[in-house]
Amino acid sequence: MKYFIIAGEASGDLHASHLMASLKQEDAQAEFRFLGGDLMAEQAGYQPIIHFRDMAYMGFMDVVKHLGKILGFLGTARRAIDEWQPDALILVDYPSFNLKVAKYAHNLGIPVHYFISPKVWVWKEWRVKDIRRYVDHMYCILPFEPDWYRERGYQATYVGNPTVQEVAQASKEFPEFAGFIAQYGLADRPIIALVPGSRVREIRDNLPLMIEAAARHSEFQAVIAGAPSIDDSLYREVMGDKVVPVLRDATYPLVHHARVALVTSGTATLETALLGTPQVACYRFNGSKWTYNFYKKILKVKYVTLPNLITDDLVIPELLMHMCTLDSIDSHLTQLLGDTLERKAMLDGYGRLAERLGTEVSTATAASLITQSINN
């Protein structure tokens, strides 16, 4: 079978590469054409039609500024589909671009499969109309999403969460604490992990407060999880006169060995929970109460972090915008450093989270459903 796959960012490249591996297990004759990245290229054995780094535009103004390029990429994708005539189009998140391609493929009679639902339950619910019209099968990685879609007249399937398998696989190779600190030249003291995100703005807004909060606990050492795309110079600039180690390509073992992690809201909060490390979610952004109230009105969810969304409970503290202050971070951090009731309650919440997510291998399940659908 011929599979045309589109992933528009680094996380999509990772998940799509695993899906390609699972498709090859299901279909020994699998052929691929794709828009994606280096990991997908490793699976296919050749380069993408368009690399995702050339498509990485975020925010309204950025999209408007590069609208000509984006339209050119859409044209390239449509022509490639026309010429190759795949048996299935597989889309991975990235809704602004992918739903336009879904419409095109649907109108050609090509089955459209969506792996990793766009977060339409947060906002932009109007996109459900396009999903109902143009997407034949939606494979969700958050367990509450199928019910949300069902309430809006669409059938979606939960296939498991890929982060569960990624964390479980990585955990098999973690060194003991003594070996970990020796490997990275760290002091023999308990760790507070600082996970400030992978974007410049996130790091500038959140890391200074994280460093200051951790510095109030001199018996611990703060260690920063460095993002692959961020140069060391930015971390040095943000640190100022403080010196905090920055570890590269070691976020999972760092968080695993930390007593507590301070984490910028995002997928990292789910990874931290699955690693079993108590955490405080910090998302300062511009710190404006007006901005907070604006988003509170337009967002359609009670919580913003994945552990809380999945359990529908306040498992981890969410310090957002103006509520993310040095004192509020430190207050929650202090509650979690000892063997406290707050720490136990959070770990109990992690147990409920793991039960809800299950152990199903998402890419294997999705690949099986895709091939079954084509063969039927």
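- In this structure, the separation between CG on Leu275 and NE2 on His257 is 10.5 Å, given to the nearest 0.5 Å.
- Expressed to the nearest 0.5 Å, how far SG of Cys324 lies from CD1 of Ile329 amounts to 4.0 Å.
- Under the 3.5 Å distance criterion, the side-chain polar atoms of Asp27 are left unmatched by any main-chain donor or acceptor of Leu23.
- Here Lys344 does not pair with Asp339 in a salt bridge; the nearest charged N to carboxylate O distance is not below 4.0 Å.
- Annotation for Lys24: atom NZ counts as buried by contact number, over 12 foreign heavy atoms lying within 6.0 Å.
- Under the 4.5 Å side-chain criterion, counting only non-hydrogen atoms from C-beta, Phe174 is not in contact with Phe180.
- Using cut-offs of 30° and 60° for the angle between ring planes, the His15 and Phe115 rings count as perpendicular.
- Remark: Asp313 engages Arg352 in a salt bridge, criterion side-chain N to carboxylate O under 4.0 Å.
- Atom CD1 of Ile316 sits about 6.5 Å away from atom CE of Met346, to the nearest 0.5 Å.
- Grouping the Ile, Leu, Val, Met, Phe, Trp and Tyr side chains by contacts below 4.5 angstrom, directly or via other members, places Leu142 with Val135.
- Partners of Asp147 according to the side-chain contact (heavy atoms from CB on, under 4.5 Å) rule, which considers only residues two or more places apart in sequence or in another chain, are Arg150.
- Ile211 and Ile191 fall into different hydrophobic clusters, where Ile, Leu, Val, Met, Phe, Trp and Tyr side chains are chained together by heavy-atom contacts under 4.5 Å.
- Under 3.5 Å, the side chains of Ser362 and Tyr158 contain no donor-acceptor pair of N or O atoms.
- The nearest pair of heavy atoms linking Ile203 to Pro208 is O-CD, 3.6 Å.
- Inter-residue side-chain proximity for Thr269 and Gln279 is flagged as met; some heavy-atom pair is nearer than 4.5 Å.
- Pro162 has its side chain within reach of Ile141: a pair of non-hydrogen atoms, C-beta onward, lies under 4.5 Å apart.
- Taking both residues in full, the closest heavy atoms of His106 and Val112 are given as N-CG2, 4.1 Å, listed atom of the first, atom of the second, then distance.
- Using a 4.5 Å heavy-atom cutoff, the side chains of Tyr283 and Asp205 are not in contact.
- Pairing each heavy atom of Arg152 with each of Val128, the nearest pair is CB-CG1, 4.2 Å.
- Annotation for Gln372: atom CD counts as buried by contact number, over 12 foreign heavy atoms lying within 6.0 Å.
- When all heavy atoms are compared, the tightest approach of Thr157 to Leu369 is CG2-CD1, 4.1 Å.
- Remark: Arg78 is positioned above the aromatic ring of Tyr104, its terminal NZ or CZ atom under 6.0 angstrom from the ring centre and at most 45 degrees off the axis.
- Around CG of Asp249, the count of heavy atoms belonging to other residues, nucleotides or ligands within 6.0 Å does not exceed 12.
- Comment: Asp130 does not engage Lys100 in a salt bridge, judged by the lack of any side-chain N to carboxylate O separation of less than 4.0 angstrom.
- Between the side chain of Ser22 and the main chain of His18, a donor-acceptor pair closer than 3.5 Å is present.
- Between Phe144 and Trp121, the ring centre distance stays below 6.0 Å.
- No hydrogens or angles considered: nothing links the side chains of Tyr114 and His137 as a donor-acceptor pair under 3.5 Å.
- No side-chain N or O of Tyr252 forms a donor-acceptor pair with one of Glu173 less than 3.5 Å apart.
- Cluster membership check: Val246 does not share its hydrophobic cluster with Leu186, using side-chain heavy-atom separations under 4.5 Å among Ile, Leu, Val, Met, Phe, Trp and Tyr.
- A pairwise comparison of heavy atoms in Leu333 and Val260 identifies CD1-CG1, 3.6 Å as the closest pair.
- Counting only distance, with no hydrogens or angles, the side chain of Thr163 and the backbone of Glu271 share no donor-acceptor pair below 3.5 Å.
- Residues Asp93 and Asn98 fail the side-chain proximity criterion, which asks for heavy atoms closer than 4.5 Å.
- One hydrophobic cluster, built from ILVMFWY side chains closer than 4.5 Å, holds both Tyr154 and Tyr139.
- The distance from atom CD1 of Ile192 to atom CG of Leu337, rounded to the nearest 0.5 Å, is 5.0 Å.
- Side chains of Asn107 and Tyr134: a donor-acceptor N/O pair is absent below 3.5 angstrom, by distance only.
- Residue-environment remark: CD (Glu219) exceeds the threshold of 12 foreign heavy atoms within 6.0 Å.
- The shortest side-chain heavy-atom distance between Met138 and Ile131 falls under the 4.5 Å cut-off.
- The CG atom of Asn161 sits 6.0 Å away from the CD1 atom of Ile310 when rounded to the nearest 0.5 Å.
- Leu91 places none of its side-chain heavy atoms less than 4.5 Å from the side chain of Ile116.
- With 3.5 Å as the limit, one finds no donor-acceptor pair spanning the side chains of Glu237 and Ser233.
- Side-chain atoms of Asn375 come within 3.5 Å of backbone N or O of Thr371 as a donor-acceptor pair.
- Ion pairing between Lys242 and Glu212 holds under the 4.0 Å rule for side-chain N and carboxylate O.
- Not a single donor-acceptor pair under 3.5 Å links the side chain of Gln43 to the backbone N or O of Phe32.
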Which pairs of donor and acceptor atoms, one on a side chain in residues 83-90, lie under 3.5 Å apart (sequence neighbours left out)?
unit_1: Gln85; atom_1: NE2; unit_2: Asp82; atom_2: O; d: 3.2
unit_1: Asp87; atom_1: OD2; unit_2: Lys2; atom_2: N; d: 2.7

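- Atom-to-atom distance recorded for Leu19:CG and Thr365:OG1 is 10.5 Å, nearest 0.5 angstrom.
- One hydrophobic cluster holds both Val159 and Met20 under the rule that ILVMFWY side chains link at heavy-atom gaps under 4.5 Å.
- Judged by distance alone, the side chains of Thr305 and Glu318 do bring a donor and an acceptor atom under 3.5 Å apart.
- Side-chain contact annotation: His51 with Asp38, donor-acceptor N/O pair under 3.5 Å present.
- For Thr334 (side chain) and Asp330 (main-chain N/O), a donor-acceptor pair under 3.5 Å exists by modelled atom type.
- Between the side chain of Tyr94 and the backbone N or O of Leu99, no donor-acceptor pair lies under 3.5 Å.
- Here the closest non-hydrogen pair linking Asn308 and Val315 is OD1-N, 2.8 Å.
- Aromatic ring pairs are classed by plane angle as parallel below 30°, tilted from 30° to 60° and perpendicular above 60°; the pair Phe220 and His217 is perpendicular.
- Between the side chain of Ser198 and the main chain of Ala227, no donor-acceptor pair closer than 3.5 Å is present.
- Side-chain contact between Pro118 and Arg127 is absent, with no heavy-atom pair separated by less than 4.5 Å.
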